[in-house]
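Structure record follows, encoded as structure tokens.
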2 protein chains.
Amino acid sequence: MKTIQWSSNGKVRLIDQTRLPEAEIYLELDDYRQVAAAIKEMQVRGAPAIGVAAAYGVALGVLKLDTSHKNELVERLQEIGREIVATRPTAVNLSWAVERMLRVAKRQDTVPQIKEALLAEAQRMEAEDEEVNRRLGRYGASLIEDGSTILTHCNAGALATVAYGTALGIIRAAWEEGKRFQVYAAETRPRLQGMRLTAWELVREGIPVTIIADTMVGHFLRRGHIRCAIVGADRIAANGDVANKIGTYNIAVLAKENDIPFYVAAPTSTVDLDTPHGDLIPIEERPHQEVTHIGGLRIAPEGAKVANPAFDVTPHRYVTAIVTEGGIIRAPYQEGLRQVVGAALPFRGGG
Amino acid sequence: MKTIQWSSNGKVRLIDQTRLPEAEIYLELDDYRQVAAAIKEMQVRGAPAIGVAAAYGVALGVLKLDTSHKNELVERLQEIGREIVATRPTAVNLSWAVERMLRVAKRQDTVPQIKEALLAEAQRMEAEDEEVNRRLGRYGASLIEDGSTILTHCNAGALATVAYGTALGIIRAAWEEGKRFQVYAAETRPRLQGMRLTAWELVREGIPVTIIADTMVGHFLRRGHIRCAIVGADRIAANGDVANKIGTYNIAVLAKENDIPFYVAAPTSTVDLDTPHGDLIPIEERPHQEVTHIGGLRIAPEGAKVANPAFDVTPHRYVTAIVTEGGIIRAPYQEGLRQVVGAALPFRGGG
């Protein structure tokens, strides 16, 4: 299964993650506005996956432009990019992807060359993502103990990427190496990606998974059931602070309090060296219906206010290691992150 | 509103908490098995409320017995009591109430006297509960800062007691004193008592309340929004360890990590001096459908396992103070708890 791919009929094909696990439905999009809407509504979600979706969105938008002037096309590309980036402010992968597409466009001479290069670049990003995850998974597998129990949060799996996954990529790689273990998936309110997506992926993979409510993470961390926690990331600041799905910080603190390692798995495209520390990362506030309604059913009483920050920030002191496709990084993070980002991204700074 | 009361037609009247906030429906029960079922299904829940419900259950069961032999009646009372206590193993208030009823029965001479005394005792426990909460609330109100934000978990309100509440009793008392503040209610998966019950109570009271998912507690504790956390308890061990609704331990650790006071509010009937520390408290495992289904709708994929411990244990080192009707107790808890329990319960040890 691929979460996102370019289909032979010239469309972007996405699995609709809002319908899982009940139904496995694929969307075919041929307009960048549809892609932006799919990102905003979280039909596609997960930092690496929305990065690739954004690249395809830019390509789709530019392919339809009716101009022979390079400058006009580049301007329009930037507008399209801003529209896509605005859908979700926390994950840095959106702007990472759009900037990468912009650099590719600027290097070409003619409009037809730009169009061809942009589509090729988006397809390259699709292919790279899976390869990056497999590399990251192989590094991270060394952290998994045979016979252990692993806690994960939200979905940092195949569904959060093009394929294979980041946190779940490590879990897949360890399983492929023959290690046996079980996974506790925190359900991850309000949208329940842990219950709906991570459990679904692991059941398909044949990896034993137990769903727990988010209220239970401390209980199981304290009772000694869990040997490590692994999560993904939506943005990693230059100092190693991690923005990830709301509830991640709870787990990081509870893991540290119980002397359990807390690992973050993310491709270098999620590292934002331009953001010095985590409290500078914008936190998306999502619609309150995500909290007050489940399956169309209102659960909350009228008259109460609701908060719905979609992410939190885990200060780097709670992070035992960050696993990237360039290797495992440990504190102090500043220098390690700079090195893997420099090694991984020939496009960076190539403006 | 009273959560539980003896009605003029000789029945126990309960508000059905599984129907809130959508519908305000009262149940009238005249059989102890109905009372046991209502406790098990959580139509009545909250340690103090189920204590009083258990007392009424015992009274209802005994009133219907057709015997003139005191010994036979006492034996049957013990059987009924065991049946009721078995419904929910964590809260100590069930066995506290049944033992109190048993002592009352043993002190009488004849069957008619026993029947009369048991009903009077259950009614006394109903009346005492509200008075105990009001006293506890007045002590605890001193801990609430004007203009602050308070975090609470689950429902330790009027609905968890006969009336007024424990954690929410403190909040009500502070509000009645003229202090102004807002409350963050953690929704409390899996059964969402924070969203469904606490928010409903506070909206009715005119106290500003914001519902947050359990994943968000760390985020808001870290961001400095919250000045204290107050929760109830289902059982407090002799050393001050606290069993309470699953997720309480998460909040206690996250509060301590962020230097925010964590208060526990409970009547002395919740203190179990016979249990030396918290890890000896039995933790109820509830049906998995509470996690996998919401409003009758299955959300979890097939093939995943589920855990559903209903309570967790917070070691006393995370507890800033325990507020009882006998005053505010701080560490070391052992001696303070012994004193308030001794002062509050003339029946204890009176066999």
Side-chain angles (χ1 to χ4, degrees), chain A residues 20-22 153 182 184-190 192 195-196 199-200 202-204 208-220 222 245-254 256-257 283 288 290-292 294-295 297-309 311-313 315, chain B residues 20-22 153 182 184-190 192 195-196 199-200 202-204 208-220 222 245-254 256-257 283 288 290-292 294-295 297-309 311-313 315:
Chain A
L20 290 170
E22 296 82 18
H153 186 60
Q182 60 170 332
Y184 273 38
E187 63 175 15
T188 316
R189 280 276 292 154
L192 298 166
M195 170 146 63
R196 294 194 300 104
W200 180 80
L202 293 175
V203 166
R204 279 166 62 113
V209 56
T210 300
I211 297 166
I212 62 171
D214 305 304
T215 45
M216 299 168 193
V217 296
H219 174 76
F220 286 112
R222 192 171 89 81
K245 177 55 55 194
I246 191 78
T248 300
Y249 168 71
N250 292 4
I251 291 175
V253 170
L254 289 157
K256 190 182 180 92
E257 188 74 7
I283 300 296
H288 294 170
E290 291 185 352
V291 176
T292 55
I294 296 181
L297 194 75
R298 186 181 176 94
I299 295 155
E302 301 286 347
K305 287 187 283 189
V306 178
N308 189 16
F311 303 94
D312 60 26
V313 171
Chain B
L20 290 170
E22 296 83 18
H153 186 59
Q182 60 170 331
Y184 273 37
E187 62 176 15
T188 317
R189 279 280 290 155
L192 298 167
M195 170 145 65
R196 293 193 301 105
W200 180 79
L202 293 174
V203 166
R204 280 165 63 114
V209 57
T210 299
I211 296 166
I212 62 172
D214 305 305
T215 45
M216 299 169 193
V217 296
H219 174 77
F220 286 113
R222 193 172 89 82
K245 178 54 55 194
I246 190 79
T248 299
Y249 169 69
N250 292 4
I251 292 175
V253 170
L254 288 158
K256 190 182 180 91
E257 188 74 8
I283 300 295
H288 294 169
E290 291 185 351
V291 175
T292 55
I294 297 181
L297 194 74
R298 186 181 175 95
I299 296 156
E302 301 285 346
K305 287 186 283 187
V306 178
N308 189 17
F311 302 94
D312 60 25
V313 171

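Side-chain atoms are counted along with the backbone in the values below, which use heavy atoms only and exclude waters and symmetry mates. Chain naming here is simple, since letters A, B, ... match the order of the sequence lines and numbering starts at 1 in each.
With respect to chain B, the highest number of heavy-atom pairs below 4.5 Å among A/P309, A/A186, A/A252 belongs to A/P309. Among A/L20, A/I246, A/D312, the residue with the largest count of heavy-atom pairs under 4.5 Å with chain B is A/I246. Among A/I294, A/I212, A/I251, the residue making the largest number of heavy-atom pairs under 4.5 Å with chain B is A/I294. Taking B/P315, B/A307, B/A213 one by one and counting their heavy-atom pairs under 4.5 Å with chain A, the maximum is reached by B/A307.
Under the side chain to side chain contact (heavy atoms under 4.5 Å, CB included) test applied with A/K305, the options B/T210, B/V209, B/V203 reduce to a single match, B/T210.
In this structure, CG in B/L297 is found 8.0 Å from CG in A/L297, a value given to the nearest 0.5 Å. With rounding to the nearest 0.5 Å, the separation of CD in B/E257 from CG in A/N250 is 11.5 Å.
Taking 4.5 Å as the limit, some side-chain heavy atom of B/M216 sits within range of a side-chain heavy atom of A/N308. Using a 4.5 Å cut-off on side-chain heavy atoms (C-beta onward), B/R222 and A/V313 make contact.
If you measure heavy-atom distances from A/H153 to chain B, the contacts under 4.5 Å come from the side chain alone. Contacts between A/R298 and chain B at a heavy-atom distance below 4.5 Å involve the backbone alone (N, CA, C, O). Residue contact with chain B, scored on non-hydrogen atoms closer than 4.5 Å, is absent for A/E290. Using a 4.5 Å cut-off between heavy atoms, A/F220 contacts chain B through its side chain alone, with no backbone atom that close. In this structure, chain B has a heavy atom under 4.5 Å from the side chain of A/I283, while its backbone stays farther away. For A/L192, the part sitting under 4.5 Å from any heavy atom of chain B is the side chain, from C-beta outward, and nothing else.
The two residues A/P301 and B/A199 have their closest heavy-atom pair at CG-CB, 3.6 Å. Scanning both residues, A/I299 and B/M195, for their nearest heavy atoms gives CG2-CE, 3.8 Å.
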Intermediate values then yes/no, side chain to side chain contact (heavy atoms under 4.5 Å, CB included), A/D214 and B/R189: CA-CA 7 Å; A/D214 305 304; B/R189 279 280 290 155; 5.7 Å; no
